[in-house]
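As structure tokens, the structure follows; a few thoughts come after it.
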Amino acid sequence: MSTTTPQRTAKPTAPPVTSIRVYNTLSRTKEPLATVKPGQVGIYLCGPTVYDKAHMGHMVGPVIFDTIKRYLTYSGYKVTWVVNITDVDDKLIRKSGERGISMAALAEEMTQDYLSNLAGMGVDQIDRMPKATECMGDIIKFVEALIARGFAYESAGDVYFDVAKDSGYGKLTNRTLDALQGEGGDTAARKRSPHDFALWKRTKPGEPSWDSPWGAGRPGWHIECSAMSKSILGETFDIHGGGLDLIFPHHENEIAQSECCHGKPMAKYWMHNGLLKRSAEAGKIGGRSERDAAPTQPNGVMAEAGGYDPNAADDKESRSKGAGGLAELLAQQGGERIRFFLLRTHYRSTVLFSDEAIAEAATGLDSFYRLFKRIERITGRSFYDLPTADRTSGCLEKANHPTLKQVQEARERFLAAMDDDFNTGGAIGELFELARAINKLIDDEKLEDGQASDPARHATLLQAACTLRELSATLGLFLQPVVRAAGADDKHVAGVMQLILELRAAARAKKDFATADKIRAALGTAGVALTDRAGETEWDASAAPAGGPLAELMKLVVELRAAARAAKDFATADQIRAGLTTAGITLADRAGETEWTI
RNA sequence: GGCGCCGUAGGCAAGUGGCUAAGCCAGCUGAUUGCAAAUCAGCCACCCCCGGUUCGAGUCCGGGCGGCGCCUCCA
């Protein structure tokens, strides 16, 4: 850093916070965040071209920028976040033609898919989502201005940006025009330089088009971002983001257009997120190799000298591919898992994405959910109802308790990590530290001894929990209880029913008809009817309430096990635990009660 | 060829030159539990290699080796 920071000498965290640093692709260094307007941040993130269903890779940018907005807001900034939707493009035209629907219909369908996936990931901080087709006026005006200033020219109904006129061209990616290799594509004949790029494309027969001073046509890929960011955020705004793969040519060309048009910087900070891959050797998800891959054999004929089994690797890949779309993955895993998984790694890193990796993250995530239940058992308060605090106030009073001192220190490290280019990986490490401190507090002070009614004993716990909530909320985590998709319980029900019927059969064999009848009665309450037939018992749960019979069944099972334990019949108690484990349900014995979890 | 990024334990992953190199998963030991789960405590890293700068380098510089991205549509 070349700048000194005298502003840090006064209040450490007077809003807005000034200690935040951001990695800027333009300078290739981390820079202190100094916004165009004091206390305000304008962010423009390049959104998707909606020609196909979203994949995981499309979620990385939205998740990190959703987090960035939350954190900046928490730190005292007023943030405006824009994500564009590109709904006119060659691929949209081709794809809608293949499906025999209009481009607008295809775009609408895929936009809805994108939006629902964003919602599933907890991305809800976006302020504006402009569509290219709704900003045609701004786009045409922008192109006209570039022509008027001599940076663009018309050619046979197309309009091109004249890169030779832009002395700054290549500054984002540190390359010169000479270093570029492109041939100019199939429109090269109409361009002055092969590196000139289209601002406006004349229409071809049957294509959607808009009227313009150059005849009917549609915008080039880059111009919409220049036009829409200008009209919403201004000629110079704070942060422009996107995937690493957009740096060139997309963002380089945006800079060329906007800065030649306005004679001033387009964005102060260019932030680029890393890309997802399936394995260290594979290309990025949704990348060329995946898009071009034949259905059968994606690999070339690279000789395998080592002892690897290439078929095994292929199996793995095709299995992940065949696992279904993003919407299915989200439904199956839950958005919070994926979000947590993505946030564990720094946003600029490449992330290796696999079912195994998500499962591993989920194991860690579950320990937080268990902690929340523990807190609720003790204090009677849901973690999700605890207040969130802003950065200046926090929720800690004077740290007069060793645990609160630890919490305080972890909070400071969390903030330092996030201030340092939004290091969510380091920040999550501190969340685990907080969880451990809270669990230890509960253990050490025996808060879980059944005397949960004394609020005075909960003060320290609640302050610590509140801090955990305050910090995790800035990551968009643990905002609300995770709801399980209905229907997933069916196989658990089957497993539990098998166990219950075994128990009842055993009771009947011992002539313990009191227990057998109790089981039948309890099942009746749960909406499960039994029919005894020769050698086996049938069951029918069609009368069960909306949520399914599982909760009632488990109440019964827990009761049966308690009775067995009271009678020192540990064989039966253990049989019950084992049966439930087989059914995918685990039991936890606590003072006075037994809790079950899937 | 040009422009960039990366290489930290069995796996993943933080680490802004300086006390014992975060954290997660897996594994091992102990406390606790009728058993189990959970929780807590403890164990588990010569930071890819070789030079250099420095009192001191995982961290800075140079050179290797290895991996990846972009230079064509891409989040």
Side-chain angles (χ1 to χ4, degrees), chain A residues 1 21 25 28 30 45-49 51 54-64 89-91 170 172-176 178-185 195 221 241-250 252 272-277 280-288 290-292 340-341 344-346 348-352 356-357 359-367 370-371 373-374 410 413 416-417 419-421 423-433 435-436 438-444 448 565 568 570 573-574 577-578 581 586-590 594-597:
Chain A
M1 272 192 299
R21 299 194 309 147
T25 305
R28 288 173 288 280
K30 287 179 193 170
L45 174 70
C46 282
T49 302
Y51 67 98
H55 60 250
M56 254 333 285
H58 291 117
M59 297 292 114
V60 179
V63 166
I64 182 62
D89 153 278
D90 289 341
K91 290 190 294 297
L172 181 65
T173 43
N174 192 24
R175 48 190 103 189
T176 60
D178 294 337
L180 296 175
Q181 292 184 322
E183 303 291 326
H195 308 303
W221 176 34
L244 269 171
D245 51 352
L246 293 184
I247 297 179
F248 193 94
H250 187 50
E252 191 73 75
H272 292 99
N273 60 266
L275 306 177
L276 288 186
K277 298 202 304 177
E281 306 78 35
K284 66 194 179 190
I285 286 176
R288 183 178 10 188
E290 280 197 2
R291 278 180 274 114
D292 298 350
F340 182 78
F341 168 77
R344 286 196 319 164
T345 306
H346 192 275
R348 278 189 280 118
S349 308
T350 301
V351 175
L352 301 180
E356 293 75 18
E360 191 180 303
T363 306
L365 189 59
D366 286 340
S367 69
R370 283 190 294 267
L371 173 60
K373 283 187 189 167
R374 210 178 181 199
R413 288 191 300 267
D419 280 355
D420 183 12
D421 196 29
N423 180 356
T424 55
I428 284 178
E430 298 304 331
L431 294 186
F432 277 104
E433 296 280 6
R436 186 161 54 84
I438 294 171
N439 271 318
K440 187 166 166 53
L441 175 75
I442 294 170
D443 284 0
D444 288 352
E448 214 172 12
R565 291 172 73 201
K568 305 274 187 221
F570 292 121
D574 289 355
R577 180 190 294 287
T581 303
T586 52
L587 289 182
D589 290 330
R590 305 192 193 286
T594 298
E595 195 176 72
W596 60 275
T597 45

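All chains are named by letter (A, B, ...) in the order of the sequence lines, taking the proteins before the strands, and each is independently numbered beginning at 1.
Among the protein residues, A:E183 comes within range of no part of the nucleic acid, since none of its heavy atoms lies under 4.0 Å from any strand. Looking at heavy-atom distances under 4.0 Å, A:T363 makes contact with sugar-phosphate atoms alone, never a base. Nucleic acid contact class of A:L587 (heavy atoms, under 4.0 Å, all strands): base. At the heavy-atom level, A:G429 lies under 4.0 Å from base atoms of the strands shown. Backbone-only contact: A:P249 has heavy atoms under 4.0 Å from sugar-phosphate atoms and none from a base. Using a 4.0 Å heavy-atom cutoff across all strands shown, A:G47 reaches sugar-phosphate atoms only and no base atom. Residue-level contact check: A:I285 touches the bases, meaning some heavy atom is under 4.0 Å from a base atom. As judged by a 4.0 angstrom heavy-atom cut-off over every strand, A:I442 is placed among residues making no nucleic acid contact. Counting non-hydrogen atoms under 4.0 angstrom, A:F570 reaches a base of the nucleic acid. Residue contacts shown for A:L276 include a base, since a base heavy atom lies under 4.0 Å away. Contacts of A:K568 with the nucleic acid, taken as non-hydrogen atoms under 4.0 Å apart, are absent. Nucleic acid contact for A:L180: sugar-phosphate only, since backbone atoms but no base atoms lie under 4.0 Å from a heavy atom of the residue.
Side-chain contact between A:R374 and A:I438 is absent, with no heavy-atom pair separated by less than 4.5 Å. For the pair A:V60/A:L275, no side-chain contact is recorded, criterion being any heavy-atom separation below 4.5 Å from C-beta on. Side-chain contact check for A:R370 versus A:T597: every heavy-atom pair is 4.5 Å or farther apart. Residues A:R565 and A:D589 meet the side-chain proximity criterion, which asks for heavy atoms closer than 4.5 Å.
With sequence neighbours excluded, the residues forming a side-chain contact (heavy atoms from CB on, under 4.5 Å) with A:D444 are A:K440, listed by chain and number. Here A:H250 pairs with A:W221, A:H222 under the ring pair (Phe, Tyr, Trp, His ring centres under 6.0 Å) rule; sequence neighbours left out. By the ring pair (Phe, Tyr, Trp, His ring centres under 6.0 Å) test, A:F248 pairs with no residue at all, sequence neighbours left out. Residues satisfying the ring pair (Phe, Tyr, Trp, His ring centres under 6.0 Å) criterion with A:F570, sequence neighbours excluded, are absent altogether.
Distance check on atom P: B:G10 versus B:C6 gives 23 Å, rounded to whole Å. Between B:C24 and B:A31, the two P atoms lie 22 Å apart (nearest whole Å). The separation of B:C70 from B:U59, taken at their C1' atoms, amounts to 27 Å, rounded to a whole angstrom. Between the C1' atoms of B:A21 and B:A13, the separation comes to 13 Å (whole Å). Here, B:C68 and B:C43 have their P atoms 38 Å apart, quoted to the whole Å. B:C3 and B:U72 have their P atoms separated by 16 Å, with the value rounded to a whole Å.
The side chain of A:R175 lies closest to B:C71 when the candidates are B:A36, B:G34, B:C71.
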Interface polar pairs with nucleotides 11-14 of chain B, N/O, under 3.5 angstrom:
residue	atom	partner	partner atom	Å
B:G11	N2	A:E360	OE2	2.4
B:C12	O2'	A:R344	NH2	3.4
B:A14	OP1	A:H346	N	2.7
B:A14	O3'	A:N423	ND2	2.6

With 3.5 Å as the limit, what N/O pairs link the protein to nucleotides 38-42 of chain B?
residue	atom	partner	partner atom	Å
B:A38	O3'	A:R370	NE	3.0
B:U39	OP1	A:R370	NH2	3.3
B:U39	O3'	A:N439	ND2	3.3
B:U39	O2'	A:D443	OD1	3.4
B:U39	O2'	A:D443	OD2	2.6
B:C40	O4'	A:D443	OD2	3.0
B:A41	OP1	A:R436	NH1	3.2

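Using a cut-off of 4.0 Å between Lys/Arg side-chain N and Asp/Glu carboxylate O, A:D420 and A:R21 are scored as salt-bridged.
Residue whose closest nucleotide on RNA chain B sits further toward the 5' end, between A:G57 and A:T176: A:T176.
In this model, the phosphate group of B:C70 is approached by a side-chain N or O of A:K284 to a distance below 4.0 Å at OP1 or OP2.
A donor-acceptor pair under 3.5 Å is formed between the side chain of A:T363 and the backbone N or O of A:A359.
Between the side chain of A:D589 and the base of B:C35 there is at least one donor-acceptor pair of N/O atoms closer than 3.5 Å.
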